[in-house]
Amino acid sequence: MLEHASASAPPDDQVELSRLVVTDLDGSLLDHHSYDASPARTWLARLKQAKVPVIPVTSKTRAELLPLRETLGLTMTPFVAENGAVIGLPPGWCHARLDRPGNGRDGMVIKHPSVDIGFIRARLKVWRKRLDVRFTPMSELTLDDLTGLTGLDAIQAQLARQREGSEPLLWHDDDASLETFRRALEGDGLQLTQGGRFYHVMGRASDKGSAVTWLVGRFRALRGREPLSIGLGDGPNDVSMLNVVDQAVVIRGHHELTVDPTNPHLYRTQATGPEGWVEGMSHWWGNAFTPTNPRDAKEANA
């Protein structure tokens with residue numbers, strides 16, 4: 001379980017922070033095919049200048065995120081990896097009483113909200129045999145298969161294999177067997193979520209929404225104010241995240257999957273990938289960088 005920090009005075013250079021961006025990567029901030037974020041560079045620079053944290057919330061591993069965060073200029077903000085199974089905190093987001101500095105190999109404090117990869121893989125072997133269902137975990141894919149499926153190069157594919165708290169898999173069976181498999185996993189305290197290319201198996205306490213809720217709580221405790229949050233994503237595994245933010249953006253995807261958040265403050269883009277990301281940011285925050293806060297509107301109408 002993750003701890004909650006008690007409130008403390010915010011650092012002087014952090015007082016003005018009042019907004020938070022949480023974003024999926026593949027198919028959202030990054031192009032689905034090329035993994036390019038160029039169309040969003042201007043917005044990222046604008047947010048950095050305004051000291052608004054941009055937090056990647058992704059199915060990628062921590063190992064994959066290390067070079068990506070450097071490329072995107074997001075090394076001083078937290079991250080959520082493996083759909084919520086791993087949370088990384090930079091020094092400015094750490095609590096002296098609760099966090100042991102630098103226990104991550106990339107200098108971040110790492111939190112694991114739920115079960116580890118060893119338990120997940122062991123249970124997958126059990127249920128595949130017991131239920132006689134057909135699927136292929138990422139750990140069993142050849143490197144050539146993985147690069148062919150994802151478009152990653154060999155080095156990137158190796159980084160994608162470095163799982164800590166979730167296992168992607170390719171499903172080869174029918175829908176009825178999928179539901180039986182899902183219920184079996186739930187009995188083990190695991191859950192199955194659908195991403196753009198893979199299904200992902202992780203602990204019940206691990207999802208993007210839970211991780212974002214925890215990070216917003218940490219922001220509130222350390223900074224002394226509630227941030228206005230915006231979330232952007234394109235897949236079913238982003239729904240839990242989009243439901244816990246103040247303003248949500250569903251980016252048009254390169255898939256036919258259903259993405260239906262219940263957030264009343266929801267915008268659906270016409271553009272895909274980083275162009276859609278820019279469209280969503282501009283919709284909510286494009287008016288001189290002074291977006292309307294849904295909480296303020298609610299209080300004004302009370």
Side-chain angles (χ1 to χ4, degrees), residues 2 20-32 54-61 65 78-87 113-115 120 165-171 175 178-179 181-183 185-186 189-217 227-274 276-281 283-285 294-295:
L2 292 171
L20 201 62
V21 178
V22 292
T23 179
D24 177 50
L25 292 182
D26 292 1
S28 298
L29 182 57
L30 304 179
D31 183 86
H32 180 78
V54 177
I55 301 175
V57 184
T58 176
S59 62
K60 290 184 179 296
T61 65
L65 276 174
F79 66 78
V80 176
E82 298 189 43
N83 286 314
V86 181
I87 299 174
S114 191
V115 298
I120 293 171
S166 70
E167 180 71 7
L169 58 84
L170 296 172
W171 185 254
D175 290 345
L178 181 66
E179 288 310 305
F181 177 60
R182 189 191 303 275
R183 289 194 296 271
L185 292 175
E186 289 173 353
L190 302 174
Q191 62 174 319
L192 184 70
T193 186
Q194 188 174 16
R197 292 182 175 90
F198 296 91
Y199 284 92
H200 299 261
V201 179
M202 66 200 73
R204 186 179 297 157
S206 303
D207 62 58
K208 289 187 175 186
S210 297
V212 168
T213 297
W214 187 86
L215 282 170
V216 169
L228 171 65
S229 59
I230 183 171
L232 306 96
D234 76 316
N237 59 331
D238 296 315
V239 169
S240 64
M241 171 181 74
L242 298 178
N243 281 337
V244 299
V245 294
D246 295 312
Q247 296 164 323
V249 177
V250 172
I251 297 171
R252 183 181 175 187
H254 290 275
H255 53 68
E256 301 300 323
L257 303 174
T258 300
V259 185
D260 281 335
T262 57
N263 193 323
H265 305 283
L266 177 66
Y267 177 76
R268 293 181 181 272
T269 72
Q270 294 299 310
T272 61
W277 194 92
V278 169
E279 181 186 337
M281 288 298 302
H283 173 80
W284 287 119
W285 289 11
R295 291 189 301 271

Measure the [atom1]-[atom2] distance between [X] and [Y] for me, rounded to the nearest 0.5 Å.
X	Y	atom1	atom2	result
His254	Asp26	NE2	CG	11.5 Å
Ser229	Leu215	OG	CG	11.0 Å
Trp277	Ile251	CH2	CD1	8.5 Å
Thr58	Leu29	OG1	CG	10.0 Å
Ile230	Leu20	CD1	CG	10.5 Å

Shortest non-hydrogen contact from [X] to [Y]?
X	Y	result
Gly165	Ala85	O-CB, 3.4 Å
Pro78	Pro56	O-CD, 3.4 Å
Leu257	His255	N-ND1, 3.1 Å
Glu279	Gln270	OE2-N, 3.0 Å
Pro227	Asp246	O-OD2, 3.4 Å
Trp284	Gln247	CE3-NE2, 3.3 Å

### Message
Please determine whether side-chain contact (heavy atoms from CB on, under 4.5 Å) holds for the pair Glu82 and Thr61, giving the CA-CA distance in whole Å, both sets of side-chain angles, and the decisive distance to 0.1 Å.
### Response
CA-CA 5 Å; Glu82 298 189 43; Thr61 65; 4.2 Å; yes

Examine distances only and state if a side-chain atom of [X] and a backbone atom of [Y] form a donor-acceptor pair shorter than 3.5 Å.
X	Y	answer
Lys208	Val57	yes
Thr213	Gly209	yes
Asp238	Gly235	yes

### Message
Parallel, tilted or perpendicular: which one describes the rings of Trp171 and Phe181, with boundaries at 30° and 60°?
### Response
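Plane angle under 30°, so parallel.
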
### Side-chain heavy-atom pair Val249, Thr269 within 4.5 angstrom cut-off
yes

Check side-chain contact (heavy atoms from CB on, under 4.5 Å) between [X] and all other residues, then give those that pass, not counting sequence neighbours.
X	value
Arg182	Leu178, Glu179, Glu186, Leu192
Val115	Phe119, Ile120, Leu190
Val54	Val21, Thr23, Leu44, Leu47, Leu74

### Task
With sequence neighbours left out, write down each residue that passes ring-ring contact (aromatic ring centres under 6.0 Å, His included) with Tyr199, or none if nothing qualifies.
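Once residues adjacent in sequence are excluded, Tyr199 has no partner under the ring-ring contact (aromatic ring centres under 6.0 Å, His included) criterion.
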
### Query
Got a sec, which residues hit ring-ring contact (aromatic ring centres under 6.0 Å, His included) with His283, two or more places apart in sequence or on another chain?
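His283 satisfies ring-ring contact (aromatic ring centres under 6.0 Å, His included) with Tyr267 only.
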
### Query
Per the side chain to side chain donor-acceptor pair (under 3.5 Å) rule, which among Asn83, Asp24, Asp207 passes with Asn237?
Asn83

### Task
Show your reasoning for whether side-chain contact (heavy atoms from CB on, under 4.5 Å) applies to Leu228 and Trp285.
CA-CA 11 Å; Leu228 171 65; Trp285 289 11; 4.0 Å; yes

### Task
For the pair His200 and Ser59, evaluate side-chain contact (heavy atoms from CB on, under 4.5 Å) and give the outcome as yes or no after the intermediate values.
CA-CA 8 Å; His200 299 261; Ser59 62; 3.7 Å; yes

### Query
Would Val86 and Val80 satisfy side-chain contact (heavy atoms from CB on, under 4.5 Å), going step by step from the backbone distance to the final call?
CA-CA 6 Å; Val86 181; Val80 176; over 6 Å; no

### Query
Is there any salt bridge (charged side-chain N to carboxylate O under 4.0 Å, His left out) pair reaching into residues 247-263, and which pairs are they, with sequence neighbours excluded?
Asp260-Arg268

